[in-house]
Amino acid sequence: MSNATPKTMYEKLWQTHLVEEKAGETPLLYVDRHLIHEVTSPQAFANLRFHNRQVRHPERTIATMDHNISTRSIKIDAAGEGAANQLRALEKNCKEFGIQLFGMGHKNQGIAHVMGPELGLTLPGTIIVCGDSHTATHGAFGALAFGIGTSEVEHVFATQTLRQNKAKTMKIQVNGHVGAGISAKDIILAIIGKTGSAGATGYVVEYCGEAIEALSMEERMTVCNMSIEFGAKAGLIAPDQTTFDYVKGKEYAPKGEVFEQAVIDWKNLRSDADAVFDTVITLEAKDIKAQVTWGTNPGQVVSVDGSVPSPDNFSDPVEQESCKQALEYMDLKAGTKITDIQVNKVFIGSCTNSRIEDLRAAASIVQRYQGQKVVANVDAIIVPGSYRVKEQAEKEGLDKVFTDAGFEWRLPGCSMCLGMNDDVLGAGDRCASTSNRNFEGRQGRGSRTHLVSPEMAAAAAITGHFVDLNA
Amino acid sequence: MEKFNTHTGLVVPLDIANVDTDQIIPKQFLQKTERVGFGVHLFHERRYLDHEGTQVNPDFVMNKPEYKDASILLARENFGCGSSREHAPWAIEEYGFKVIIAPSFADIFYGNCINIGILPIQLTEAEVEELFQLAPNAQLTLKVDLPNNKVSCVLADNSVKEYAFSLSEFQQYSLENGVDSVGWTLNKLDKIKAFEEQMPAWQ
C-alpha cells in the first residue's frame, strides 16, 4: 500500500485500530488494553449482568485497587465502609468475569497509571483506556490512551471496542534543553499556563522537540499525564530507543522475536516529517522556570520567581472573574511573591509524580538541606505510586532519607490527590502537592492546593514555603 | 436509555467558568456501587454550607425557590472538565436536568452525557451570554427541539428567538432513539473478529 499522504502519529494509531468507519455512525476503534479500578467499574459490571453479557476479552483487562485505599494499612476495611464495599465488589466482579486483579498488598498493586507501564502492560502502538482521566499518561509510550466514562467501560468490556469521533491534532514543540533543576512537571505546567486550562479541548496533543526527546520514560509520563488538564483527549510522545529500552524485559511485554517485530512496527509510529497538524505551539525550553499554581485550575500557574496575578492582568472578562474567584478561594492577595506563600501540608505522590525518579528527585532536595527536617508546622507525606516503586525506593534507602527528615512514608495509592480515602486536607490547609489538580475542594473541602514538582514540594516541606532552587 | 425528542423547561444560570466534575459531584460521594443516590449531592460544596449537607446555602442559585423546577442548566466555558467520573452526569440527571447549555464542554464529560441521555448543547459565547442576560429571576423558559436542532424562547415583546446547534450524526441518532450502544456494537461482532484476526502477534 502506498504511503503517499503524510500522517501524524495519532492518524497512524487511528488507522491501525479502525474496526469500522461507516457513514452515519461514530467510528469504531479496537481497544488493546483496559485498566480498571474500584470506583468507576461497579456500575459497568452491574449492567453487564443485567443484560446477561460477558467480558469479551478478560485477558485484555487488568484491575487494580488504587483510588479508595488506605495508605496506612493493607486491610481492605481500613479506609471505611464505602471504600471496602467498592473494593469487595471489584474482587467479586473480577472473579466472576475472569479478570486479573492486583488487590491489596499484591506485589503488582499500584496506581493504574504507574502499574501499567512498569509491568509492560503499556505498549507503544496500542489503544489503552481506563475509567480515569489521567489515562493519557500512557501516551508517553506512543500509545493512544484516554479516560472514559462508566458507560464506555461497559462498552469495552462487552465488545473490546469504543466509538470515538476523530480529534483534531496539536503539535507542542519544546525546543532546546531545560535548565538545571527544571523538571518534567515544570515543562507541562508551563505548557498549560501558555494554552490555558481548556486550550487543547478537542485535540490529541503530540509533544516533541529536543526537550521532550531528552526526557526519561518517567518524565515523559509526567508530561502526558497532565494532557487532560488543558482539555486534550490524549497526549502522545513518539516512541524511540528510550521507550524500547524501558519496555524490553518487562513482565507483560512481548519477548524474543515478537518483541523484535514489535520494535520494527513501533519505529514506524512517529509522525511523518511533513505531517500537518491543525495547531502548532512552540516553547523554548530555556525559558521554562520552576512552576507553582496559584489558582483553582492548572492553567492558573506562574514561575516561582513571579507573583500572584491580579484580575486586571487578564483581558477576557470570564478569566478576570475566574482569577477573582480563585484568589478568594485560595486566600491570596494579588502581588504576593510566590516564594512568600507559606504551606502547612506537603503531598508527594499521585499518578503524575510518584514514580521512582520522582522520589529520587525529592530525596535529593531533602539531602541538599543537609540534616534539616520538615519544618514544625508542616505535615508531609510521601506516597509511592506502586508496591514496586516502594520496594525499589526502600532498596535505595530513600524511605530513610524521608523518614529521617520527618516525612511520613506511606503505602501506595491515589491518596491525597483526590482524597477518597482518609488522606484529606482540612478547610484552610495549604498544600504543596505533586498531583495534577488544584480544583476547589479537590483535596478536601475548603483546602488550597498548589501544584508543583517533587523537588519544589520537598523544598516547601523543609522550609515551609516555596523556594526558587535556582536563585 | 430514554429517547430524547423535545423538551421545554426552566433555565437556571450557573455563572461560573471551568466547572469541574469534582465540583459537580465531590469524591466522597463516589463510593457507591449502584447508579442512584447522586442527585442529592450535585454541587454539594456549593449547595450546602456544611460538609454533611444539612445546611442549604440560600445564596447558591439552584437553591433559590424560583429555580426549584429548573430542568435546563446554563453554564460557562469548559463545563465538566477534569475527572472522567460518569457520576457527574448521573448526578445532573438525577437532580432533574435534561439539557446543559454552554459555550464549550470538556470532551469526556460531553460523551458521558450523550451516553446516558442528557443533551449537551454547545452555543457560541455570544449566544450563551445572551441567554445569561435573559435568565435571571427565573424568567427564561427554553424549548429544545432535538430533531430540528433548535433552541427557542419567547421574548418579552412576544417575538421568538431561535438558536441552532448541532451534534454528530450518530450522537443525534442515539439520543433520539435511545440506542443501546453496547447492543448496537454487539451486532458487529463479525467486524470485530475480522479485525482481531489480522492483528500483529505483539498487539
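Just so it is clear: chains get the letters A, B, ... in the order the sequence lines come, proteins before strands, and each one is counted from 1.
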Quick check: closest heavy atoms across [X] and [Y], and the distance to 0.1 Å?
| X | Y | result |
| --- | --- | --- |
| Leu418(A) | Lys27(B) | O-CD, 3.0 Å |
| Gln43(A) | Glu34(B) | NE2-O, 2.7 Å |
| Ala89(A) | Thr33(B) | CB-CG2, 4.0 Å |
| Val182(B) | Glu154(A) | CG2-OE2, 4.0 Å |
| Asp22(B) | Arg442(A) | OD1-NH1, 3.0 Å |

Sort [X] into side chain, backbone, both or neither according to what part of it lies under 4.5 angstrom from a heavy atom of chain B.
| X | result |
| --- | --- |
| Pro124(A) | backbone |
| Gln325(A) | side chain |
| Thr201(A) | side chain |
| Glu321(A) | neither |
| Gln443(A) | backbone |
| Ser151(A) | both |
| Arg437(A) | side chain |
| Pro254(A) | side chain |
| Arg33(A) | neither |
| Ala158(A) | both |
| Thr16(A) | backbone |
| Ser322(A) | side chain |
| Asn47(A) | neither |

In sequence, state the C-alpha distance, the side-chain angles, and the governing distance for Lys32(B) and Asn85(A), and then conclude on side chain to side chain contact (heavy atoms under 4.5 Å, CB included). CA-CA 8 Å; Lys32(B) 294 180 193 301; Asn85(A) 282 345; over 6 Å; no
Could you grab the distance from atom [atom1] of [X] to atom [atom2] of [Y], nearest 0.5 Å is fine?
| X | Y | atom1 | atom2 | result |
| --- | --- | --- | --- | --- |
| His155(A) | Asn115(B) | NE2 | CG | 8.5 Å |
| Met199(B) | Tyr30(A) | CE | OH | 5.0 Å |
| Glu86(B) | Glu152(A) | CD | CD | 7.5 Å |
| Ile228(A) | Cys81(B) | CD1 | SG | 8.5 Å |
| Ile16(B) | Glu440(A) | CD1 | CD | 7.5 Å |
| Thr26(A) | Tyr173(B) | OG1 | OH | 12.5 Å |

How about [atom1] on [X], more than 12 heavy atoms from neighbouring residues, nucleotides or ligands closer than 6.0 Å, or not?
| X | atom1 | value |
| --- | --- | --- |
| Glu81(A) | CD | no |
| Asn52(A) | CG | no |
| Lys64(B) | NZ | yes |

Need one label for [X]: side chain, backbone, both or neither, based on atoms under 4.5 Å from any heavy atom in chain A.
| X | value |
| --- | --- |
| Gln28(B) | neither |
| Glu125(B) | neither |
| Tyr110(B) | neither |

Can you tell whether the side chains of Arg53(A) and Asp180(B) come within less than 4.0 Å, N to carboxylate O? yes
In terms of side-chain geometry, is the basic nitrogen of Glu25(A) or Lys188(B) positioned less than 4.0 Å from the acidic oxygen of its partner? yes
Give a yes or no on whether the backbone of Leu30(B) and the side-chain of Gln86(A) come within a donor-acceptor separation of less than 3.5 Å.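 Yes.
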Return yes if some donor-acceptor pair links the side-chain N/O of Lys233(A) with the main-chain N/O of Asp107(B) below 3.5 Å, else return no. no
Only pairs of heavy atoms separated by less than 4.5 Å count here; which of Gly82(B), Ala201(B), Pro26(B) has the most with chain A? Gly82(B)
Run the side chain to side chain contact (heavy atoms under 4.5 Å, CB included) check on Asn78(B) and Ser197(A) step by step: do they pass? CA-CA 8 Å; Asn78(B) 198 26; Ser197(A) 65; 4.0 Å; yes
Among Thr161(A), Leu18(A), Val19(A), who wins on heavy-atom pairs under 4.5 Å with chain B?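 Sorted descending by pairs with chain B, the first entry is Val19(A).
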Would you check, one step at a time, whether the test side chain to side chain contact (heavy atoms under 4.5 Å, CB included) holds for Ser133(A) with Ile108(B)? CA-CA 8 Å; Ser133(A) 60; Ile108(B) 303 174; 4.1 Å; yes
Of all residues at least two apart in sequence or in a different chain, which pass the ring pair (Phe, Tyr, Trp, His ring centres under 6.0 Å) check with His57(A)? none
Derivation of the side chain to side chain contact (heavy atoms under 4.5 Å, CB included) call for Thr185(B) and Arg163(A): CA-CA 9 Å; Thr185(B) 302; Arg163(A) 289 192 184 278; 3.3 Å; yes
Can you classify the ring geometry of Trp266(A) versus Trp202(B) as parallel (below 30°), tilted (30 to 60°) or perpendicular (above 60°)?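 Aromatic pair Trp266(A)/Trp202(B) classed perpendicular.
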